[in-house]
Amino acid sequence: MSGLIAQISTWSPTVAEFLTFSPELAWAGTLCLVMLAPLAIGRNSRTTAGLALVGLAVTAFFTVRVMGMTAADGPKTGLTPDLIGGMLIADNLSLFFKLILLIFLVGVTILWMSVSADEEEDAPEFFVLLVGSALGMALMVSTHNLLMMVVAIEFASLPSYAIVGFNKKNREAAEASLKYMIFGAISASVMLYGLSLVYGFFGTFDLAQISANVGPVLMAGGANRLLVALGLFCVFVGIAFKISAVPFHFWCPDAFQGAKTEVTTWLSVASKAAGLLLLMRIVNLFAQNAGPAAMGGVAVVIAIIAAVTCTVGNLSAYRQRSVKRMLAYSSIAHAGYMLAAAAIFVKAEFVDSFSAMSAVLAYVVVYMLMNLGAFGVVALLESKNGGDDSIGAFSGLIRRAPLLAVPMLCCLVSLVGIPPFAGFMTKWYLLNALGEANQGLYWALVVVIVFNTLISLWYYMRVVVQMFLRDDDQPAFAIPISGALLVNVCGLMLIVLMIFSNPLKSHSDQYASDLFMPTASELAKARAVDSTDDPAELGELAEPGELAAREDSRNLRGDHGG
Amino acid sequence: MFEIGLTHYLVVATVLFVMGIFVMITKRNAIGILIGVEMVLNGANINLVAFNRYNGLGTIDGQMVSLFVIVLAAAEAALAVAICMNFYKNLNTVDVDRADALSG
């Protein structure tokens, strides 16, 4: 009884721990600042957005600083009385995701300022909810403790329900938030019940310890296996809800259509990416510690869910008249593509898992740009035509607002995955990772994804045809300069990242590495032993020779996953 | 008389879980569904506390987590009722079947 209490009474976080988790603290500080500032300086929406941007910039500064620390001495855990496994992890993966999330949050804020800032009366509350859900998502990716995971998922979900229904007078928004909240509450309660079963069996909430003990149970069969599998499946349901994997996707199109478009933009990327990276961290941990033999069924389950998710997403997108709803289904399909990569981790082979993780990180970055651009164009158009997001509202857009039509074209073509846009490169990395895994299951996923890419072409092109080839003489309109700049930068970045895809690839390789890797200093040692002839290559992380070297160093170090 | 053991607690928790799921599936009233959610959460709480009491590890993390679950459930209920109120203001009902403006 007294074990934990004794530890708590003597435990306090050290300065080093505070430094490691300074991004989270700065993030929470931003939250308080945005919430309390109106008391001092009044409720001006642009001032609030400016304050939020300053807070996010400070958070980004700390994130980059901690990135430097972990690059020097490897991933850290901490902020916990439990000495075995930290509640929070600061490794390259979580820090990279935090940085992406912050950049995306800035993009969404700029979009909000150019679309809704003028008529919004409750800006401070909006930003508290937005930044709060962002912090929850950042925490989701920085943990492998079940309790922290549940708290983080709820922390991300609860503000999301509220911002979806933020427009209180709007019937559709009220309905969207009700549906989102009911599905969310049900999946959260099921997840917590699963958590209690898993805890009952293993006596711990630390997923590293659970995964180390789960192998024999899953191999043995019988009632224990059923109980543990049921508990873990319930936990998976909670994460699958965040990813909106079929059959847990019903909230997604309704919530995305009813919400304001800035909110849709935010949720379509951030909440899905956070859920996916959390799932990948956990699947990787289980595969490393429990071994691929015990996890064989998991690969099949994830692969089937991924295949069904992208197919259902693409087929449902066909018959939509609302472009926002169409993009919502397209986001389900993209979540399915990324989920396919999670199946690779089950093989527990370093090279395959590594390229899967790297492919997903690159995909998340590019997917963020594509969705910010596409939803940004929808938001800007809606703000000028009284909220009409039907496909007819896009007709003749190249004449009416060329600065919207061109980035929309870039984003849609990139969403299909056709060159010369970065969406092609990232889809290629993904297919490449699946092909390299080289088993029947993964080749089946390759076929499904290629088939889905082909059928997705038609519904994206319907919008392009409306914009460029149809014209029913709707009036031209001017768009705010910040919004135009935002969507055009997104479109331009898609081309730039296609042409200069090496930095994207090498960075995602670098940030994917921590999950599987010994620390950077050990890596440097392994490199020195294994040194190649060309010293310039040491800086590159994308070289195949380097992968082999790192696998060697991992083998030298023994099983890293524990 | 027999002694109350782990199994008895787990049976109560399971009954709560099954009842909660049944309520969620059958109720058309949003508040009713939320009550189902609360039942499942309380089932999870009973599980956590009972497992913690009988697993013989001498820790209290199960009970601590059950406190977290109570707090989460309270936060979720507060927000959920606010959203139901908002829905009621717009549609004069909390029947989830009436939430049919968004579909397809």
From CA spacing to verdict: side-chain contact (heavy atoms from CB on, under 4.5 Å), A/L195, B/V65: CA-CA 10 Å; A/L195 174 146; B/V65 171; 4.2 Å; yes

Most chain B-contacting option - heavy-atom pairs closer than 4.5 Å, from A/R171, A/M181, A/E154: A/R171

Over all atoms of both residues, closest heavy-atom pair of A/A174 and B/N90: CB-ND2, 3.5 Å

side-chain contact (heavy atoms from CB on, under 4.5 Å) between A/Y193 and B/T14, worked out: CA-CA 10 Å; A/Y193 194 81; B/T14 313; 3.7 Å; yes

May I have the list of side-chain donor-acceptor pairs in residues 155-164 of chain A shorter than 3.5 Å, sequence neighbours left out?
from	atom 1	to	atom 2	distance (Å)
A/S157	OG	A/I153	O	2.9
A/S157	OG	A/K242	NZ	3.3
A/S160	OG	A/A156	O	2.5

Nearest atoms (heavy-atom pairs only) where A/S196 meets B/A44: CB-O, 3.5 Å

CG on B/N86 to NZ on A/K169, rounded to 0.5 Å: 9.5 Å

A/I186 to B/I33 - nearest heavy-atom pair and separation: CD1-CG2, 4.1 Å

Residue A/I182 versus chain B: region with a heavy atom under 4.5 Å: side chain

Toward chain A, the part of B/I46 with a non-hydrogen atom under 4.5 Å: neither

What donor-acceptor contacts under 3.5 angstrom involve side-chain atoms of residues 91-104 of chain B, with partners at least two apart or in another chain?
from	atom 1	to	atom 2	distance (Å)
B/T93	OG1	B/D95	N	3.0
B/D95	OD1	B/D97	N	2.9
B/D97	OD2	B/R28	NE	3.2

Worked verdict on B/V40 versus A/L192 for side-chain contact (heavy atoms from CB on, under 4.5 Å): CA-CA 8 Å; B/V40 172; A/L192 277 165; over 6 Å; no

Shortest non-hydrogen contact from A/A185 toward B/V37: O-CG1, 3.7 Å

Portion of A/K179 that has a non-hydrogen atom of chain B nearer than 4.5 angstrom: side chain

Side chain / backbone / both / neither for A/L147 at chain B, heavy atoms under 4.5 Å: side chain

Side chain / backbone / both / neither for A/F201 at chain B, heavy atoms under 4.5 Å: neither

Under 4.5 Å from a heavy atom of chain B, the part of A/A176 involved: both

Salt bridge (charged side-chain N to carboxylate O under 4.0 Å, His left out) partners of A/E172, counting only residues at least two apart: none

side-chain contact (heavy atoms from CB on, under 4.5 Å) between A/S189 and B/M24, intermediate numbers included: CA-CA 11 Å; A/S189 66; B/M24 288 177 204; 3.5 Å; yes

Greater than 12 external heavy atoms within 6.0 Å of B/F68's CZ: no

Portion of B/L6 that has a non-hydrogen atom of chain A nearer than 4.5 angstrom: neither

Spatial distance of atom OH (A/Y199) from atom CG (B/D61) [nearest 0.5 Å]: 4.5 Å

Engaged part of B/N55 at the chain A interface, taking heavy atoms whose separation is under 4.5 Å: side chain

Region of B/L48 that comes under 4.5 Å of a non-hydrogen atom in chain A: both

Per-residue contacts, residues 318-325 of chain A versus chain B, heavy atoms under 4.5 Å: A/R319, A/Q320, A/R325

